[in-house]
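Data block below; observations after.
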Amino acid sequence: MSKIDLFLILLSFSINLSLAIDDECYMTVPEIGKHFGYESEVHLVRTTDEYILELHRIPCKQNEKCDRSSKRPIVFMQHGLLADGFSWIPNLANQSAGFVFADAGFDIWIANSRGTPASQKHIGYGPENQKFWNFTWQQMSEFDLTASVDLVLKETKQEFLYYLGHSQGTMIMFSRLAENPEFAKKIRHFHALAPVATVSHIGGLFGLFGTKFLTYAEILLGRLPYSPLSIPRTVQKMISYMCSRFFMQNICTLDIGFIDGNEKMFNQSRVGVYLCHTPAATSVKDLQHWIQLVKSQTVSKFDYGTDGNIIEYGQPTPPEYDLTQINTPTYLYWSRDDILADTQDIRDSILSKMNKTIAGSLELPHYSHMDFVFGTHAAFDLYPKIIETIQDDYNKYRITRMHKLKKHL
């Protein structure tokens, strides 16, 4: 076979691959929104440590021309580890949280943490520089979340928002609320899907890394201190193509399950689309931080070792986040079948420490970790409950505010 023949074969395969992959694989979150009939916006956020993030907004219902200046309750959606904003719109319009909440009349803002494809920008250097990847969820909480929430409230001219977080997205908020009472005033409710604080009883691949293979994981990750944790885009699209084939769909779902649990509620016909966007990039250091927490059984900042901690924090051990300091009304949504957000960890680190601020706790049967955002059942047995809770609270707030205004007239 000549080099020309080989080139033509590879070119033909590439063309067929491109034609076979679902169009949504090539779309950004705003483009997918428009694809389903939703007005979508991109907003850039500059953090105080100079990262440039993208926030994606869905301000109106499907096929609605809404008045953007009108006051609607804001729902801020924060994705988890190895995910990005796509995790809120992975299914059809009537099955995806971002679209379901928009159709309920909310102003939707979807976050993309530093390192994800939409947020790989920095004022001083790009993702090709190792300095870019020197972060964990600790910096996402301190810098990304703060800057993003401030921009949303400034753009909408409102005083507070409702926060919906999944997995690492809950840890980001737990740590911020515990550390900054002033920031907490901006969060009306905290709705935590598959909540994670301590991960002492975590299962799946992360559990193996944090317990049985801890030494090997520490050695491996220690040699890649500031590197991206990602799959090349071309490889990801090839995986997506293979997994979109009918005979491969169940196998690919099991592959996801090896990391996160045995997903039962995925739309099998969209597995290829899922894998085109997931996993999303993060830093090796972020994964290393989680493995540290499995070992330490605490909710603490990144551990640089005794000498490094003294330099970084002024003490030999990393500071712990005190969840007893949280006063924001918090709603938990969890499942005994979730091997990452384990029920024992939820009881030990969240329920026991936040008893005074837990406004609601709902156990969902047979949900895996990813089913809370990718599962099609969530659209009728989870999201409506959250929507009703937010709508009731926002209506009460408006009535109370009107009464106060009348008293001043």
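FYI, side chains are in, hydrogens and waters are out, and symmetry mates aren't considered; it's all heavy atoms of this structure.
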Out of the candidates Asp286, Asp144, Asp84, only one should pair with Arg114 under the salt bridge (charged side-chain N to carboxylate O under 4.0 Å, His left out) rule; please name it. Asp144
Between Tyr274 and Phe374, is the ring centroid distance below 6.0 Å? yes
Atom of Thr328, atom of Arg188 and distance for their closest heavy-atom approach: CG2-O, 4.2 Å
Tell me if the centroids of the rings in Phe36 and Phe99 come within less than 6.0 Å of each other. yes
Taking all non-hydrogen atoms of both residues into account, name the closest pair between Gly105 and Pro73 and its distance. O-CD, 4.2 Å
Close side-chain approach of Met173 and Leu145, heavy atoms under 4.5 Å: yes
I want to know whether Phe372 and Tyr333 have ring centres closer than 6.0 Å. no
Centroid separation Tyr125 to Phe132 less than 6.0 Å: no
About how many Å separate CD of Gln120 and CD1 of Ile52, when rounded to the nearest 0.5 Å? 13.5 Å
Tyr397 and Phe160 aromatic ring geometry - parallel, tilted or perpendicular at 30°/60° bounds: perpendicular
Leu164 and Gln78, any side-chain heavy atoms less than 4.5 Å apart: no
Using the benzene-type ring in the case of Trp, are the ring centres of Tyr321 and Trp137 under 6.0 Å apart? yes
Flag the pair Arg176 and Glu142 as a salt bridge only when some basic side-chain nitrogen lies within less than 4.0 angstrom of an acidic carboxylate oxygen. no
Criterion ring-ring contact (aromatic ring centres under 6.0 Å, His included) against Phe190, the qualifying member of Phe174, Tyr331, Phe183: Phe174
Centroid separation under 6.0 Å, is that true for the rings of His189 and Tyr163? no
Using the benzene-type ring in the case of Trp, are the ring centres of His377 and His366 under 6.0 Å apart? no
Heavy-atom pair of closest approach, residues Ala147 and Thr47: CB-CA, 4.1 Å
Answer yes or no on whether Lys285 is positioned over the face of Phe302, meaning its NZ or CZ is under 6.0 Å from the six-membered ring centre and within 45° of the axis. yes
Trp88-His79 aromatic ring centre distance below 6.0 Å: no
Shortest non-hydrogen contact between Thr298 and Ser296, atoms and distance: OG1-OG, 2.8 Å
Counting N and O atoms only, with roles assigned by atom type, does the side chain of Gln139 sit under 3.5 Å from a partner on the main chain of Thr136, one being a donor and the other an acceptor? yes
Would you say the side chains of Thr306 and Asn309 form a donor-acceptor pair under 3.5 Å? no
Counting C-beta onward and ignoring hydrogens, is there a side-chain heavy-atom pair between Leu193 and Thr170 closer than 4.5 Å? no
Under 3.5 Å side-chain donor-acceptor pair for Asp348 and Gln344: yes
Determine whether Lys65 and Glu39 satisfy the following criterion, salt bridge (Lys or Arg N to Asp or Glu O under 4.0 Å), listing intermediate values before the conclusion. CA-CA 8 Å; Lys65 296 293 182 182; Glu39 291 190 23; 3.8 Å; yes
Which atom names give the shortest non-hydrogen contact between Ile350 and Pro195, and what distance separates them? CD1-CB, 3.8 Å
Check whether any side-chain heavy atom of Thr330 lies under 4.5 Å from a side-chain heavy atom of Met354, and answer yes or no. yes
Run the salt-bridge test on Glu64 and Arg72 with the 4.0 Å N-O cut-off and return the result as yes or no. yes
